Amino acid sequence: MDLFDRLSLALPRLRLLREEPLAAHTSFRIGGPAEVMAFPSSLAELQALLRLSAQEGIRVRLLGAGTNILAPDGGVRGLVIVTSGALTGLSMPDAAHIEAMSGVTMARLACFARDNGLTGLEFAHGIPGTVGGGVYMNAGAYGGEIRAVCRWSQEMLPDGTLVRREGASQGFGYRTSVFQHTDGVIVRACFALQPGDPGIIRETMRELMTRRTVSQPLDLPSAGSAFKRPQGGYAAALIESAGLKGLTVGGAQVSEKHAGFVVNRGGATAADVLELLRQVQQRVLEHSGIRLEPEIRLWD
């Protein structure tokens with residue numbers, strides 16, 4: 001009995017897909033099939049799925065909106081659990097806090113805050129992806145970061161236990177968090193915000209989105225910023241100064257609009273992207289002496 005049949009038998013109500021193309025679930029539009037893809041509709045389903053996977057030694061990968069992932073051309077074996085579209089609850093325990101499930105998009109969270117007269121999440125409006133991914137990566141833009149507003153996060157461990165991490169115990173750093181070093185699944189986060197004027201908040205969000213639209217290649221598939229910001233500089237500036245704007249490998253290209261992005265010009269493979277990243281790293285190192293580190297999460 002294969003993995004799909006075992007999971008179907010054990011969890012008959014859980015939505016499962018067999019050999020589902022990851023390209024259909026990632027913003028890069030790249031990636032071969034996942035052996036089994038699961039879409040839990042509740043915390044109880046997720047809990048049962050994680051417990052079963054732990055008991056049977058099934059490798060688990062997590063996928064939110066797939067906006068920061070490069071999936072391999074040959075696909076992945078084991079189980080991919082998708083949280084977006086299911087774990088999407090939003091609530092306000094009091095006038096200054098918002099609790100969001102991990103599958104809520106960052107844009108929806110920011111709009112919810114705006115509509116309730118709370119400021120502090122304007123920077124998140126244009127960030128693609130989900131709350132789970134945002135907390136996992138300590139997502140940020142235009143001077144704002146998740147760590148500035150995230151009061152606590154809750155993760156579910158492989159045995160189904162729920163653990164809440166508060167403040168500094170979340171281990172936030174530049175594009176990192178403690179969750180990158182645990183086996184748990186982020187299921188919920190609480191954001192501490194300040195009262196603000198919805199009209200001013202809306203205008204700030206509009207201005208930031210305009211800046212993003214003007215400067216970034218939002219018309220082509222990508223996984224956002226390809227490289228982390230190096231100490232004392234910016235990846236895009238280093239890449240551009242090395243003359244690499246427009247550098248192409250197969251269907252992958254260093255964006256001609258923003259050198260910090262690698263885009264899929266059509267038919268790009270993961271191998272194309274990896275080779276392009278390698279060439280950029282090498283040439284930037286030769287040109288500036290700085291080694292860039294990928295920000296994109298590279299699945300194996």
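Just so we're clear, the structure is a prediction, and the values are computed from it rather than from any experiment.
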Check whether any side-chain N or O of Gln180 sits under 3.5 Å from a backbone N or O of Tyr136 as a donor-acceptor pair, and report yes or no.
yes
Could you go step by step and tell me if Arg51 and Glu45 meet the salt bridge (Lys or Arg N to Asp or Glu O under 4.0 Å) rule?
CA-CA 10 Å; Arg51 283 175 172 167; Glu45 272 197 337; over 6 Å; no
Nearest heavy-atom pair of Ala107 and His125: which atoms, and what distance?
CB-O, 3.4 Å
Would Arg151 and Asp94 pass as an ion pair if we require N to O under 4.0 Å?
no
Is it the case that over 12 heavy atoms from other parts of the model lie below 6.0 angstrom from the CG atom of Asp183?
no
Could you tell me the separation between the CZ atom of Phe179 and the CG atom of Asn138, rounded to the nearest 0.5 Å?
11.0 Å
Per the side chain to side chain contact (heavy atoms under 4.5 Å, CB included) rule, which among Arg211, Arg206, Arg212 passes with Leu208?
Arg211
Exercise: do Ser8 and Asp5 side chains pair donor with acceptor under 3.5 Å:
no
Testing the 3.5 Å rule here: is there a donor-acceptor pair between the side chains of Glu122 and Thr119?
yes
Given Glu295, which partner from the list Arg175, Arg229, Lys228 fulfils the salt bridge (Lys or Arg N to Asp or Glu O under 4.0 Å) test?
Arg175
Find the distance between CD (Glu256) and CG (Leu247) and round it off to the nearest 0.5 Å.
10.5 Å
Side-chain donor/acceptor of Asp73 to backbone N/O of Gly32, under 3.5 Å:
no
Indicate whether the side chain of Arg147 and that of Tyr174 have a donor and an acceptor atom separated by less than 3.5 Å.
no
Does any N or O in the side chain of Gln170 come within less than 3.5 Å of the main-chain N or O of Cys150, such that one atom is a donor and the other an acceptor?
yes
Working to the nearest 0.5 angstrom, can you tell me the gap between Asn68 CG and Ser27 OG?
7.5 Å
Using the rule given for salt bridge (Lys or Arg N to Asp or Glu O under 4.0 Å), can you reason through Asp219 versus Arg265, listing the C-alpha separation, both sets of side-chain angles and the distance that settles it, and then say yes or no?
CA-CA 10 Å; Asp219 57 325; Arg265 297 289 303 180; over 6 Å; no
So, taking the atom named OG in Ser177 and the one named CD1 in Ile146, what distance separates them when rounded to the nearest 0.5 Å?
10.5 Å
Nearest 0.5 angstrom please: Leu276 CG to Thr248 OG1, how far?
7.5 Å
Does this structure show an ion pair linking Arg164 with Glu166, if we count only N-O contacts that are shorter than 4.0 Å?
yes
For a side chain to side chain donor-acceptor pair (under 3.5 Å) with Gln279, tell me which candidate from Glu275, Gln282, Gln281, Arg283 qualifies.
Glu275
Flag if over 12 foreign heavy atoms under 6.0 Å of CZ, Arg278:
yes
Linking I/L/V/M/F/W/Y whenever their side-chain heavy atoms sit closer than 4.5 Å, directly or via other members, would Val82 and Val187 fall into one cluster?
no
Do Leu87 and Leu46 have side chains that approach each other closer than 4.5 Å (heavy atoms only, starting at C-beta)?
yes
Is a side-chain donor or acceptor of Asp272 paired with a backbone partner of Ala252 at a separation under 3.5 angstrom?
no
Working to the nearest 0.5 angstrom, can you tell me the gap between Arg114 CZ and Asp197 CG?
12.0 Å
